[in-house]
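What follows is a set of notes on a single structure, which appears directly below.
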Amino acid sequence: MASKLPLMIVATVVAATARATDRPVAGDAPYRDMPRIAPIGARISHYLPVPQDAKGPAIDPAKGYRLQELGKGLYLITDNAYQSMFMVYESGVVVIDAPPPYAAHIVPGIREVTDKPITHLIYSHSHSDHIAGANALGKVPTIIAQAETKRLLARDNDPQRPLPTVTFEDRYSLKVGSQVLELSYHADAHEPGNIFIYAPAQQTLMVVDMVFPGWMPWRRFAVAHDIPGYFAQMEEIRKVPFKTLVGGHVARTGTHADVDRQIAFLQDLKAAAAKALGSTKPGEGLDAKTTQENPWAVFDDYIDRVVIQCVNTLTPTWENRLAAYDVYIWDQCYSMEQSLRID
Ligand SMILES: [Zn+2]
Ligand SMILES: [Zn+2]
């Protein structure tokens, strides 16, 4: 018995040592030139202030929504985070999108303006956060969407998102009474089936999840399905002769100046990521063992250093020009460098 005791102690010590060295350890020192803005997964303790120009008119907290007349019977309805529209014509109302956060307020909002029935619902695209409040409108006789949206909705099989009754491929002109809405499809960008909804008399364009007036786009180009398509579609938006842009998010509508500013940011981002990819070397600063046996680690370390350079290049120009620059700049640089490498 006595001779076994020291052996047990040795075995325990060996096991403990093995466990300690198998644990991943954060770097003793951060990467060189680490930005002040907290990276993905790290808590931000102090956010950059939201510029005045990114803010919109206040919401009446008792109502929970705000109406904004866009001209000739067309209205924006918003909770200052999501945006949708409705258009009143001689014998009814056309609703465009039904975001769940304020879906229950859409009918009361319409009733502030008219008693006419809702005859049409248009889906901008299939995502539930913009249309899954459809049932709050009651049974709508005609639901219009692009064909890809119907395909995706049939796949998703969600009772909160009833299937379109009318679909189109490239263009659809909705004429109701004296009102007109021109729907058009400009290929995949945010999502297949995401359309432009243009009201020519009101010079208003609604395109959802593409332009964020005054704000940094939501993370990863607003989770764009196709990033080169997203860049191309920004130029399509620029060509439309609108006065008012309804982007589906944030607290205010947009203008051509907002589109131009977002395109300028996207161009700077692309240039910064391309430059960083070109001037960064994989494997630099890593030990020989890791370099030889762990290509995932080599690549992860390389991309981190590319993205750090991308963030550092953009920060002086953009940190005060787009609200929430600090919240999503790391995401945008990670998405941009990946798109440049593989698309
Ligand atoms: Zn979406
Ligand atoms: Zn959205």
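Counting starts at 1 for both ligands and their atoms, in listed order.
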ask   = Among the N, O or S atoms that Asp209 has, which is closest to the Zn ion (ligand 2)?
value = OD1
task = May I ask you to check whether over 12 heavy atoms, not counting those of Lys116, lie within 6.0 Å of atom NZ?
result = yes
query = Does a donor on one side chain sit under 3.5 Å from an acceptor on the other, for Asn294 and Thr290?
reply = no
task = Decide whether Asp209 and His130 meet the rule of one side-chain donor and one side-chain acceptor closer than 3.5 Å.
result = yes
ask   = By atom name, which N, O or S atom belonging to His125 lies closest to the Zn ion (ligand 1)?
value = NE2
message = Using the ring centroid of each side chain, check whether Tyr185 and Phe168 are separated by less than 6.0 Å.
response = no
ask   = Name of the His127 N, O or S atom nearest the Zn ion (ligand 1)?
value = ND1
message = Whether the side chain of Tyr89 engages the backbone of Gly73 through a donor-acceptor N/O pair (distance < 3.5 Å, no angle test) should be reported.
response = no
message = Report the atom name of the nearest N/O/S atom of His249 relative to the Zn ion (ligand 2).
response = NE2
query = Is it true that some N/O/S atom of Asp129, main chain or side chain, lies under 2.8 Å from the Zn ion (ligand 1)?
reply = no
